[in-house]
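The chains referred to below are lettered A, B, ... by the order of the sequence lines, with proteins before strands, and numbering in each begins at 1.
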Amino acid sequence: MGVLSPLGDSPAALHRALCAGASHLAPVEGFAVEGFSMNRAVELRGFDPARYLGDGNFRPLDRTGLLAACAARLALDDAGWTGDAVARGEFALLLGTMFGSLRTISEFDRRGLEAGPLYVKPFDFANSVINAAAGQTAIWHHLRGPNSTVCAGTASGVQAIALGADLVAEGRVEVAIAGGAEELCWESFVAFSRAGMVANGDGTPRPFDEKRSGFALGEGAAFLVLESGEGAAARGARVLAEVLGHGEAFDPSQGSDERRGAETVTRAVKLALEHAGLQAEDVSAVSAAASGHRRADAAEARGLAAALGMSVASVGVTAPKGAFGECLGASGALQAAALLAAMEVGELPGVAGFTAAPPGFPLWAISDRTTPVDLAVGLVDGVGLDGPCCALLLGRS
Amino acid sequence: MARAVDRRAERRRVAVTGIGVVTPVGSGRETFWRKLLAGESGIAPVSSFDTSRFKVKLGAEVRGFDPAPWCERLDPGTLGRASQMAVAAARMALADAGLDAATLDAERVGVAMGTTSGEPLEIEIFNDALRAAGRDALDGALATRYPCHRIPGQIAAELGFAGVNVMLPNACAAGNYAVAFARDALASGRADVMLAGGADAFSRITYTGFARLGAITTDRCAPFDRERKGMVPGEGAGVLVLEPLEAARARGARVYAEVVGYGLSCDAHHMTASHPEGEGPARAMAMALADAGLRPEDVDYVSAHGTGTPTNDRLETLSLKRAFGAAAARVPMSSVKSMLGHTMGAASALEAAVCCLAIADGWIPPTTNYQHPDPDCDLDYVPNTARQVPVRVAMNNAYAFGGANASVLFAAAAG
């Protein structure tokens with residue numbers, strides 16, 4: 001696993017920060033946010049790609065590309081894949097993202113408008129396509145297998161891991177690097193603020209809380225290295241977990257109807273359980289997609305409760321976006337990495353910002369406190385704000 | 001580190017039963033195919049924005065497209081242009097397949113789409129508003145209308161489909177990735193019907209980029225011709241209906257072709273330049289053949305990526321030789337981009353439609369504007385005139401920014 005987040009640059013560090021419960025929300029420094037009453041986000045500061053990639057020419061890569069390339073390096077190192085072995089293989093890369101780089105494409109267009117079409121930079125055009133970060137990461141690490149960017153809104157990261165697991169399970173590739181990457185930029189800050197999706201007041205996101213008013217934007221990247229059990233055993237790799245199953249569903253109301261949204265969450269989880277050959281009571285903990293979004297959190301709570309049935313009383317539910325923010329296409333991958341770290345140490349972080357549940361809230365075992373958990377089977381829930389859902393089941397090896 | 005568990009039932013064979021297209025030469029399967037076989041071009045001077053600051057002028061736009069007739073549930077004004085074209089193509093494909101959205105099990109119908117830039121016009125609107133009226137004039141459309149996953153989402157919302165829904169924005173190979181994904185979703189039983197394809201909207205952003213790379217031709221788009229000068233940016237949407245072959249036969253559906261294999265690879269070499277020896281594309285072709293259990297000599301037609309740039313066409317010729325050996329000299333390979341321009345994320349979806357129609361109809365569309373043989377491009381490019389020839393197996397090749405290569409194999413459904 002590889003993780004790059006304002007909360008830490010390893011799964012263990014991310015997990016410790018989630019358990020500590022401290023807020024990482026702060027006024028944005030990376031770009032000017034004057035004119036906004038709320039100017040805070042969960043921003044990755046002091047990001048130095050050389051720390052992860054060593055010496056090299058980073059100029060062709062934009063921020064999203066660098067986040068992805070660095071997290072992929074961390075993941076490969078953690079899995080014990082180095083140097084020639086990667087270049088000789090035909091590793092797949094599945095990169096979940098919502099935008100690629102909204103900043104690169106927007107700046108490219110502005111440069112063309114202001115300076116004229118002859119004065120745009122070819123590098124910037126190459127990075128303006130949505131799959132640029134996946135291409136740059138493949139070049140950097142010599143990943144010569146299937147290379148796909150995966151977009152399913154805020155469910156992208158989970159969907160990318162599901163796709164990677166399928167490629168391995170079907171024997172199409174030996175190794176898949178799957179996860180997500182998303183940058184924080186001025187354009188997305190403006191867009192989500194103006195769309196009314198960002199938390200008001202001091203900007204604190206409160207997933208599932210009765211006082212929630214929106215999410216905090218975050219950024220980061222995370223990847224899992226997926227390979228067949230036989231392949232991992234043959235090379236003596238440390239196996240962190242098993243992908244047990246996944247399920248996908250879509251809400252044709254595109255998030256406008258809470259009841260249909262809830263049904264979609266339920267369906268995705270049930271399909272994942274069916275794929276894994278498991279029952280709801282086998283799930284020991286859930287990493288929810290809840291971000292503080294008013295309607296989406298309510299739909300997810302109802303949908304999860306319906307899928308979990310009787311075991312809803314005992315299953316621990318965490319919602320890490322209360323701490324690392326809504327990282328859009330990277331969120332699901334960060335959730336997965338954090339949940340696997342929780343699995344290893346047997347404690348589930350509480351939900352940052354959670355104080356009180358709304359009336360009739362169906363998920364009982366939720367709090368802002370870290371609790372011990374015997375995490376044999378974890379559910380990672382990816383829920384889009386406008387339709388796509390993907391549920392992923394991870395089992396302790 | 002993690003083990004993927006596969007508990008799937010026996011894999012199902014997958015058929016293409018519907019085709020819907022919105023293209024620079026016209027909309028709808030019949031018009032599209034008639035024009036391509038006649039060698040008609042959709043390339044003309046750009047009309048959707050001012051090109052006075054560009055040295056190049058040509059584009060392949062979809063003119064006079066009206067989304068309203070295709071949007072029964074959605075308000076077309078709330079959709080980006082790529083989504084509008086995609087919804088129209090999806091409705092056409094479904095009707096072409098003889099399927100009624102209302103009678104399908106919505107939870108078992110999924111959508112997989114591809115694109116290069118998604119809804120780039122939304123970026124332009126954002127920047128135009130910023131320049132004209134400052135940041136206070138900006139709205140939230142980049143969060144709601146722009147994200148490219150809205151394209152398959154809007155298709156599903158318009159048609160009420162609740163199954164797996166994903167966007168694989170792998171630039172100019174994206175349509176092939178979407179078809180490959182859909183084939184696996186059907187083969188493994190995750191869905192019973194899949195709509196798969198690609199869409200892209202013409203934009204000054206894309207045009208500016210390709211112009212700056214010097215990739216756009218000043219006169220004709222002449223793939224594989226010695227005097228070729230470049231490509232022509234375009235737009236459009238292509239959607240295929242895929243379903244299990246057995247189900248298609250049971251309902252008496254017309255089967256255009258079967259999706260028999262695919263291969264995906266990455267050059268991992270350069271963002272905008274192909275590997276100098278065509279290594280990645282050759283690997284994708286070999287993987288597709290192995291996946292289908294076919295040999296190069298079994299392939300009757302290759303739909304080329306064939307952009308018309310000096311480098312692409314030379315390297316594509318080289319990689320076909322590398323993958324096919326002696327069989328490369330005998331297989332007809334044409335580029336419909338000579339007529340459609342490069343429709344970006346829609347391109348390989350439209351070319352997948354071409355492969356299916358070639359198999360069903362026994363005709364191969366030409367590479368038009370071909371005049372001068374090139375010693376570096378010495379294969380059979382079906383120059384200028386459509387050819388009537390039985391096609392049992394067709395290979396669709398697509399190559400993208402970022403080094404992604406994708407080959408999909410279609411075959412006449414036999415046995």
Side-chain angles (χ1 to χ4, degrees), chain A residues 35 79 98 102 105-106 108-110 112-113 116-117 120 122 125-126 128-132 134-135 138-139 142-153 159 165-166 168-169 187 190-192 194-195 197 224-226 228-229 239-244 248-250 252 254 277 386-388, chain B residues 1-7 53-54 107 116-118 120 123-124 126-127 131 135-136 138-144 147-150 153 156-157 160-171 177 184 204-205 208-209 211-213 264-266 268-272 280 400-404:
Chain A
M98 184 180 280
L102 191 51
I105 186 168
S106 302
F108 176 83
D109 185 42
R110 288 198 289 272
L113 286 173
V120 296
F125 180 54
S128 80
V129 294
I130 302 162
N131 67 328
I139 293 167
H142 307 288
L143 309 174
R144 305 187 306 130
N147 183 286
S148 187
T149 298
V150 180
C151 292
Q159 185 67 64
D166 280 353
V168 174
E187 289 80 5
V190 169
F192 285 102
R194 292 278 156 80
M197 291 194 232
L224 309 186
V225 176
L226 307 168
S228 69
V239 177
L240 300 174
E242 187 176 338
V243 178
L244 300 171
E248 290 83 12
F250 184 79
Q254 300 190 93
D386 38 27
Chain B
M1 57 134 256
R3 186 163 72 89
V5 176
D6 191 13
R7 296 191 172 87
R53 294 211 286 174
F54 293 87
E107 295 181 0
T116 296
S117 300
I123 303 270
E124 299 182 7
F126 179 91
N127 282 336
R131 282 162 57 85
R135 62 167 190 257
D136 290 346
L138 302 173
D139 65 12
L142 289 187
T144 55
C148 65
H149 70 274
R150 298 311 301 270
F161 296 152
V164 59
N165 193 288
V166 68
M167 166 55 84
L168 304 173
N170 299 316
Y177 267 83
D184 282 349
R204 72 177 178 225
I205 296 176
T208 300
R212 181 66 182 85
L213 291 177
L264 312 173
S265 74
C266 185
H269 170 71
H270 189 277
M271 282 301 286
T272 57
F401 269 18

Might you point out which heavy atoms bring Y177(B) and A404(B) nearest each other, and give the distance in Å? OH-CB, 4.1 Å
Leading residue by heavy atom contact count with chain A [cutoff under 4.5 Å; candidates V166(B), T144(B), L168(B)]: L168(B)
Pick from L143(A), I105(A), D386(A) with the largest number of heavy-atom pairs that fall under 4.5 Å of chain B: D386(A)
On a heavy-atom basis, which atom in A157(B) and which in Q254(A) lie closest, and how many Å separate them? CB-NE2, 3.2 Å
Heaviest contributor of heavy-atom pairs below 4.5 Å to chain A, chosen from D136(B), T272(B), L138(B), is L138(B)
Most heavy-atom pairs under 4.5 Å with chain A, out of G280(B), A400(B), A211(B), G160(B), belong to G160(B)
Pick from L142(B), L264(B), N127(B): which one has the most heavy-atom pairs with chain A under 4.5 Å? N127(B)
Name the option with the most non-hydrogen atom pairs under 4.5 Å to chain B; the candidates are G135(A), G112(A), A134(A). G135(A)
When you measure from the side chain of Q159(A) to the backbone N and O of V150(A), does any donor-acceptor pair fall under 3.5 Å? no
Could you have a look at V129(A), V190(A), D109(A) and say which one has the most heavy-atom pairs with chain B under 4.5 angstrom? D109(A)
Could you check which of S148(A), A152(A), P388(A), A249(A) has the highest count of heavy-atom pairs closer than 4.5 Å to chain B? S148(A)
Looking only at heavy atoms, what is the nearest atom pair of G118(B) and P120(B), with distance? O-CD, 3.1 Å
Examine distances only and state if a side-chain atom of N131(A) and a backbone atom of F401(B) form a donor-acceptor pair shorter than 3.5 Å. yes
May I ask you to name which of R110(A), M197(A), M98(A), E187(A) has the most heavy-atom pairs under 4.5 Å with chain B? R110(A)
Would you find a donor on one side and an acceptor on the other, under 3.5 Å apart, between the side chain of R53(B) and the backbone of L113(A)? yes
Are any side-chain N or O atoms of E124(B) and backbone N or O atoms of R204(B), one a donor and one an acceptor, separated by less than 3.5 Å? yes
With chain A, which of A162(B), A143(B), A171(B) has the greatest number of heavy-atom pairs at distances under 4.5 Å? A162(B)
Below 4.5 Å from any heavy atom of chain B, which atoms of F108(A) appear? Answer side chain, backbone, both or neither. side chain
Chain A contacts, top residue of A156(B), C266(B), G140(B) (heavy-atom pairs, under 4.5 Å): C266(B)
If I compare all heavy atoms of T149(A) with all of P169(B), which pair ends up nearest, and what's the gap? O-CD, 3.2 Å
Which one, G35(A), G145(A), G387(A), S128(A), leads in non-hydrogen pairs under 4.5 Å with chain B? G145(A)
Relative to chain A, which segment of D139(B) carries a heavy atom at a distance below 4.5 Å: side chain, backbone, both, or neither? backbone
With sequence neighbours excluded, residues passing side chain to side chain contact (heavy atoms under 4.5 Å, CB included) with H269(B): D267(B), H275(B), P276(B)
